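So that the names make sense, note that chain A is the first sequence line, chain B the second, and so on, each numbered from 1. Predicted model only: the values in this text are computed from it and were never measured.
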Number of protein chains: 2
Amino acid sequence: MTYPEQNNRFQTRCGDCPLRKLSAFEEFSPQTLKFMQQFKVGELKIEAGTQLLMEGHSSPQLFTLLSGMGLRYKTLEDGDRQVVNFIFPGDFIGMQAGILGEMKHSVEATTAMTLCVFDRKEIWQVFRNEPQRAFSLTWLVAIEEHFLGEALASIGQRSAIQRVAWALSRIHSRLTALKLNNGSAVPLPYRQRDIADAVGLSLVHTNKTLAELRKKQLASWVDGHLVVSDKRKLAKVAGVDLDNEVSQRPLI
Amino acid sequence: MTYPEQNNRFQTRCGDCPLRKLSAFEEFSPQTLKFMQQFKVGELKIEAGTQLLMEGHSSPQLFTLLSGMGLRYKTLEDGDRQVVNFIFPGDFIGMQAGILGEMKHSVEATTAMTLCVFDRKEIWQVFRNEPQRAFSLTWLVAIEEHFLGEALASIGQRSAIQRVAWALSRIHSRLTALKLNNGSAVPLPYRQRDIADAVGLSLVHTNKTLAELRKKQLASWVDGHLVVSDKRKLAKVAGVDLDNEVSQRPLI
DNA sequence: CGGGAAGTTGAAGCCAGTCAAGATTTGTGG
DNA sequence: CCACAAATCTTGACTGGCTTCAACTTCCCG
């Protein structure tokens with residue numbers, strides 16, 4: 001697989017990375033910044049709908065999403081799909097390929113994306129020479145594990161309205177932390193099928209559940225925008241503890 | 001929390017660890033062995049039913065399970081429980097406390113357990129001085145993330161019989177890899193409620209589903225022993241790919 | 001031998017799945 | 001810029017897999 005758009009290397013210097021300024025991310029030390037700058041091998045732009053990584057395949061490259069949104073998902077034998085997580089700016093993509101040797105899920109761009117590109121082979125050098133960064137990588141995997149555990153609890157134990165509320169609450173929190181919100185509204189470019197495949201409900205029932213959340217004024221997702229006027233009320237239905245959320249994560 | 005049984009330190013030297021001999025685990029280099037021996041601070045025996053780690057709490061200690069079986073689970077606000085994974089010999093316990101600062105799930109001993117004890121504060125030294133081991137730690141977190149993704153896909157998309165078949169198939173594989181099997185039978189000291197809480201089904205329906213698996217001669221779990229005479233047949237129902245399983249994992 | 005925990009079984013009800021059709025939006029080529 | 005096609009969203013009706021309730025059995029362990 002080749003990416004023609006990848007030629008213009010070093011478009012953004014890490015020092016100028018707009019994500020760094022967000023309070024959602026930990027600060028970089030000057031050394032870390034320098035290291036990241038040389039760890040970065042290029043930048044990549046892809047269009048909406050593009051498959052970035054594929055389940056079962058390795059990838060010579062790892063990515064950090066600079067802008068755009070996407071999906072991680074697993075495809076089952078019979079064609080069913082489980083959306084494992086949503087991907088937002090600042091997310092590190094491809095760790096499984098970097099650590100385990102192959103991806104255990106696919107990654108698809110829902111909107112157009114700009115990505116920072118790294119060389120997978122350098123992962124080992126990170127562990128050898130940059131223990132701080134290696135720890136951050138592990139931290140990210142651990143947080144993802146935590147998230148999946150929470151997802152499992154939600155899907156496994158809760159009702160339809162609780163599950164959908166959970167997904168919307170989580171999404172709204174993350175996008176707000178990234179300052180992508182406009183007041184209580186955040187852009188949400190996914191389709192209902194994506195949410196349905198994430199929470200393990202049928203498309204039809206997801207639609208009806210979204211309508212119910214709208215009617216109860218808990219969350220309104222219309223025209224690609226999600227509005228949550230009272231996030232505590234939504235969080236309560238969702239079974240989410242807003243006071244126990246991770247406030248800062250490392251940026252790779 | 002104090003563990004009276006912990007006094008007799010260094011009961012087992014890592015060099016004599018029976019788990020090391022299993023082909024399910026990667027081999028230790030002599031340096032690694034030496035490092036592990038000094039990383040280990042003691043040994044712990046606990047009885048069945050003991051809670052080892054608690055959700056939301058930190059832990060000054062990390063563990064490797066030497067013998068016995070247990071459960072990782074999350075408790076929801078209303079008392080419902082999601083079993084996140086089963087714990088078998090060789091599993092490393094407490095990583096989340098080590099990396100994230102607190103546990104995101106509880107850990108309970110289903111049978112009596114013997115555990116290897118490590119000092120959580122030393123985790124950072126592992127990253128600094130033993131990049132190889134640090135990589136192994138990350139690998140373990142990544143595998144756990146992979147497992148939870150698969151669990152999510154199973155719970156989210158499959159029917160009752162497929163979910164239970166999935167759980168039993170996974171358990172049977174792991175216990176067989178640990179050579180705990182006696183022919184096609186493995187010990188399985190859990191209660192039906194544990195499996196029910198793991199696959200997101202009611203206790204009653206789990207019971208009926210187990211009966212159906214027995215009747216179809218796919219898996220028979222009676223008297224604390226699980227017998228799977230044709231693991232390929234079970235794996236097919238479960239949607240598990242036996243050819244794509246992880247064959248070796250690092251032992252910490 | 002008595003009491004509690006775990007397993008088993010049947011019956012009834014409901015939450016969510018499936019089917020189907022129509023409305024709305026998006027995309028595309030003339 | 002319009003017309004048609006395809007994708008997405010919406011709604012109603014019906015169905016069924018799983019939950020809940022309840023009673024009984026079996027297995028332990030003191």
| Strand-adjacent residues in residues 188-199 of chain A, judged by heavy atoms under 4.0 Å from DNA chain D | A/Arg191, A/Gln192
Considering non-hydrogen atoms only, spot the tightest contact between [X] and [Y] and give its length.
X	Y	value
A/Leu44	A/Leu52	CD2-CD1, 4.1 Å
B/Leu242	B/Ala235	CG-CB, 3.7 Å
B/Phe25	B/Pro89	CZ-O, 3.9 Å

Do [X] and [Y] pair up side chain to side chain, a donor and an acceptor below 3.5 Å, judged on atom types alone?
X	Y	answer
A/Glu212	A/Thr209	no
A/Glu144	A/Asn85	yes
A/Gln192	A/Trp221	no

Rounded to whole Å, please give me the gap between [atom1] in [X] and [atom2] in [N].
X	N	atom1	atom2	result
B/Leu210	D/dC18	CG	P	13 Å
A/Gln157	D/dT19	CD	C1'	13 Å
B/His205	C/dA12	NE2	P	18 Å
A/Glu212	D/dT10	CD	C1'	15 Å
A/Lys215	D/dT11	NZ	P	11 Å
A/Ile155	C/dG17	CD1	P	11 Å
B/Trp221	C/dG7	CH2	C1'	10 Å
A/Leu201	C/dG17	CG	C1'	10 Å

| query | Do A/Leu115 and A/Glu43 have side-chain heavy atoms sitting under 4.5 Å apart? | reply | no
| task | Classify the nucleic acid contact of A/Thr209 as base, sugar-phosphate or nothing, counting any heavy atom under 4.0 Å across all strands shown. | result | nothing
| said: Using a heavy-atom cut-off of 4.0 Å across all strands, would you classify A/Gly200 as base, sugar-phosphate, or nothing? | reply: sugar-phosphate
| query | Would you say a side-chain N or O of A/Asn207 is under 4.0 Å from OP1 or OP2 of D/dC9? | reply | no
| request: Take the C1' atoms of the five end pairs on each side of the helix from C/dC1-D/dG30 to C/dG30-D/dC1, get both axes, and report the angle to 10 degrees. | output: 50°
| message | What I want to check is whether an N or O donor and acceptor connect the side chain of B/Lys208 with the base of D/dG17 at under 3.5 Å. | response | no
| Nearest of D/dC18, C/dT8, D/dT10 to any side-chain atom of B/Arg214? | C/dT8
| Should the pair B/Arg170-B/Glu150 be classified as a salt bridge under the 4.0 Å nitrogen-to-oxygen rule? | yes
| Among all residues two or more places apart in sequence or in another chain, which pass the side-chain contact (heavy atoms from CB on, under 4.5 Å) test with A/Ser106? | A/Gln51, A/Met54, A/Glu55, A/Tyr73
| Mapping B/Leu203 and A/Ser202 to their closest nucleotides on DNA chain C, which lands nearer the 5' end? | B/Leu203
